[in-house]
Amino acid sequence: MSNLSVHIDGRELSVPAGQTLNDFFKDHEDLRNHDAVAAYLDGEVIDFHTALPHGGTIRLIMADSPEALPIIRHSTAHVMAEAVQRLFPGTKVTIGPPIENGFYYDFDSEHVFTPEDLRAIEKEMKNIIKRNDIFERSMVSSEEAKRIFREKNEDYKVELIEDLGVDEVSFYTQGEWFDLCRGPHVPRAKRIKAFKLMSVAGAYWRGDENRKMLQRIYGTAFATKEELDEYLNFLEEAKKRDHRVLGKQLELFMFNDEAGAGFPIFLPRGMRLRTVLEEWEKKEHYKRGYEIVSGPTLLKQDLWVRSGHWDHYRENMYFTQIDETGYGVKPMNCLSHMLIFKSKTRSFRDLPQRYFELGLVHRHEMSGVLNGLLRVRAFTQDDAHIICMPEQLPGEIKGVIRFVQDVMNIFGFDYKLEISTRPEKAIGDDEIWEQATNALKSALDDLDLPYEINEGDGAFYGPKIDVKLMDCLKREWQCATVQCDFALPERFELEYVGSDNATHRPVMIHRVILGSVERFLGVLTEHFAGAFPLWISPVQAVVMTISEKSVDYGHKVAETMQAAGFRVEADLRDEKIGKKIAEWREQKVPYMLVVGEKEAQENRVAPRTRSGETLEPMSLSDFMQRMQSEVDSKAL
RNA sequence: GCCGCCGUAGCUCAGGGGUAGAGCACUUCCUUGGUAAGGAAGGGGUCGACAGUUCAAAUCUGUCCGGCGGCUCCA
């Protein structure tokens with residue numbers, strides 16, 4: 001057998017053919033390989049127990065590198081699958097990949113897995129890990145592999161092999177147990193040092209709702225116990241910020257089963273927050289040359305047929321009848337805006353027309369996807385349609401993106417951009433799609449903004465730029481979107497008169513900045529953990545009295561501030577100041593104004609900040625000035 | 001929509017085939033207290049809804065409504 005030439009750590013070494021990395025490191029104990037989970041051989045991932053297929057440059061994947069995580073998690077999934085099959089004989093295995101925050105494995109089992117089972121499975125996994133098996137790779141012909149799995153009644157695996165359509169497949173064996181798997185895996189089971197099973201959920205075989213519902217067990221694994229704990233803490237932190245919990249605690253919004261699922265009801269404090277946001281947004285739109293318009297919730301069904309919604313979006317819409325005529329509840333605001341454009345003859349001098357509407361839309365979402373304010377059936381879009389000449393398109397798109405940037409900066413959100421291209425179900429010919437997609441790309445290129453491409457993820461009427469904002473816990477949220485539309489102007493025969501006195505067809509941009517006001521409020525709540533910046537805070541200050549002797553003064557302070565336009569509450573209860581502070585702290589109010597006999601005499605307030613700092617008593621007017629400048633600066 | 005879990009006072013939750021409990025909140029009284037919860041008494045629930053089983057259902061079964069975690073889809 002010939003030798004292979006291997007580069008590692010800047011050295012060139014000769015290795016007999018057929019050797020594995022493991023063999024190799026045994027022969028070269030001077031080389032550091034401790035805590036590597038796998039390696040790259042000329043860029044191709046290879047594990048420790050696989051014979052080197054050829055020579056080349058080896059780069060180790062150390063356990064503490066981000067690349068190691070999916071490998072560790074994948075191996076953990078295998079261990080879990082073995083544990084499940086040991087504890088619940090007859091369970092069939094399907095697939096078990098690593099995912100963003102861990103891994104899962106889908107099982108087909110008579111037994112219904114419970115949270116208690118997860119603890120038992122974890123225990124069994126620990127026993128398996130103790131054996132410290134090698135994850136050994138072997139190649140098997142597809143025919144032989146199918147025979148083996150058929151014998152074990154693992155029909156899902158047989159199906160997988162058939163669909164792979166290759167002559168040979170790889171197996172990974174740990175002790176007695178093995179699985180069809182591409183790999184790579186960690187060298188030995190003891191490399192799995194920190195894992196936890198998280199939850200059980202239903203999942204369709206191959207994600208197809210027409211196929212069998214399997215049971216999916218989710219788990220996570222990290223290179224070290226510390227990292228696992230850090231992740232679990234992160235989950236705890238996220239739970240504390242849950243907008244559904246905070247929404248109740250801060251009395252922002254509610255749901256009611258008699259009103260219906262997915263229909264949020266805004267409480268006074270939530271509405272204060274919303275009003276501030278919406279009024280601010282209206283001003284920002286006027287500043288940027290938009291006109292505010294408003295259309296009805298119901299429009300005739302024929303109009304929805306004409307727009308294409310009937311053919312492409314019907315299953316998400318609600319319909320009703322008035323007298324003999326069918327009407328549809330709007331799931332989008334564009335139709336009225338097009339009718340507004342058509343309401344008179346437009347000259348090229350009038351373009352672009354920018355129509356903005358805080359429009360309440362209804363969409364029939366599947367019951368299983370509803371989630372607090374983040375996924376509802378009725379929501380308000382900060383929606384605008386820009387109708388312009390084709391040559392104005394790039395400039396308008398850039399304007400929208402700058403608008404998005406401004407808004408994201410105000411709230412301190414980081415964000416990234418994605419362009420989505422033509423989906424399967426679409427209207428308009430390929431040429432138009434390409435033109436529109438290029439307009440979006442060139443706008444982002446001109447602004448020097450990086451973006452990813454999402455093939456086939458566009459709306460049915462045009463490609464789009466999606467803005468994914470990232471909150472302070474690094475979670476991504478879809479909010480702003482900019483969509484190009486050549487189809488609807490065509491369908492509605494929108495026209496303008498050009499400088500040549502001929503009629504031309506304009507193009508349309510659909511765009512939202514916050515997306516859904518409801519969702520944005522949910523995201524904001526989680527981002528700030530309910531401690532909103534002063535300028536949007538539903539309760540900006542609470543006046544609290546030391547004793548009943550100061551009730552009149554406390555009342556006066558609150559009234560004065562309210563008259564000055566601040567959102568203020570008065571806590572005049574016969575309770576000790578410590579208790580009032582404790583309670584309002586839970587409400588995350590930015591300022592508490594303590595007033596007692598001293599303050600009443602001197603016409604002052606004693607402010608306490610949300611962070612717990614007690615400020616020197618100051619006159620009410622000084623305090624209001626201080627507050628106003630903080631509001632004006634929109635400080636975070 | 002599908003799979004699993006869940007629904008008890010305004011909130012958070014305990015209990016569980018013989019007719020309901022705690023803490024907080026609420027009301028009243030005592031207390032007049034200076035920056036993270038003073039004390040006492042009291043009121044409040046057809047145990048999500050509707051059927052069924054049973055001498056008896058909040059508890060068991062079924063259907064529906066709603067919530068949570070996923071699958072899938074989207075703002």
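First the proteins, then the strands, lettered A, B, ... as listed; each starts at 1.
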Visitor: Check the side chains of Lys588(A) and Ser537(A) for a donor-acceptor pair under 3.5 angstrom, ignoring hydrogens and angles.
Guide: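 Distance-only check fails for Ser537(A) and Lys588(A).
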
Visitor: So, His510(A) versus Asn333(A): side-chain donor-acceptor pair below 3.5 Å or not?
Guide: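 Their side chains do not contain a donor-acceptor pair, so the 3.5 Å distance test is not met.
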
Visitor: Expressed as a whole number of angstroms, how long is the span from Asp257(A):CG to rC68(B):P?
Guide: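 Between P of rC68(B) and CG of Asp257(A): 12 Å.
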
Visitor: Confirm from the modelled atom types if Arg363(A) and rC73(B) form a donor-acceptor pair under 3.5 Å, side chain to base only.
Guide: no

Visitor: What stem regions, each of at least 3 consecutive Watson-Crick or G-U pairs below 3.5 Å, can be found for RNA chain B?
Guide: B:1-7 with B:65-71, B:10-13 with B:21-24, B:26-30 with B:38-42, B:48-52 with B:60-64

Visitor: Between the base of rG33(B) and the side chain of Asp574(A), is there a donor and acceptor pair under 3.5 angstrom?
Guide: yes

Visitor: So Val376(A), base contact, sugar-phosphate only, or nothing? Heavy-atom distance under 4.0 Å.
Guide: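 Contact class for Val376(A): base.
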
Visitor: Quick check on rG67(B): is either OP1 or OP2 less than 4.0 Å from any side-chain nitrogen or oxygen of Arg244(A)?
Guide: no

Visitor: Filter on ring-ring contact (aromatic ring centres under 6.0 Å, His included), then keep only pairs touching residues 580-612 of chain A, sequence neighbours left out; what's left?
Guide: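 Qualifying pairs, neighbours excluded: Tyr591(A)-Phe623(A).
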
Visitor: Against Glu526(A), only a single residue in Arg244(A), Arg475(A), Lys240(A), Arg241(A) fulfils side-chain hydrogen bond (donor to acceptor under 3.5 Å, both in side chains); can you say which?
Guide: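 Among Arg244(A), Arg475(A), Lys240(A), Arg241(A), the one that satisfies the side-chain hydrogen bond (donor to acceptor under 3.5 Å, both in side chains) with Glu526(A) is Arg475(A).
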
Visitor: Is the phosphate of rG33(B) approached by Lys579(A) (side-chain N or O, under 4.0 Å from OP1 or OP2)?
Guide: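 For rG33(B), neither OP1 nor OP2 has a side-chain N or O of Lys579(A) closer than 4.0 Å.
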
Visitor: Below 4.0 angstrom, which residues in residues 364-372 of chain A have at least one non-hydrogen atom near RNA chain B?
Guide: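 Within residues 364-372 of chain A, the residues near RNA chain B are Glu365(A), Met366(A), Ser367(A), Gly368(A), Val369(A), Leu370(A), Asn371(A), Gly372(A).
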
Visitor: With distance as the sole criterion, do the side chain of Tyr204(A) and the base of rG1(B) form a donor-acceptor contact below 3.5 Å?
Guide: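 In this structure, the two groups form a donor-acceptor pair.
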
Visitor: Planes under 30° and centres closer than 5.5 Å, is that true for Phe379(A) with the base of rA75(B)?
Guide: yes

Visitor: How long is the line joining CD of Glu597(A) and P of rU35(B), in whole Å?
Guide: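 Interatomic distance, CD of Glu597(A) to P of rU35(B): 15 Å.
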
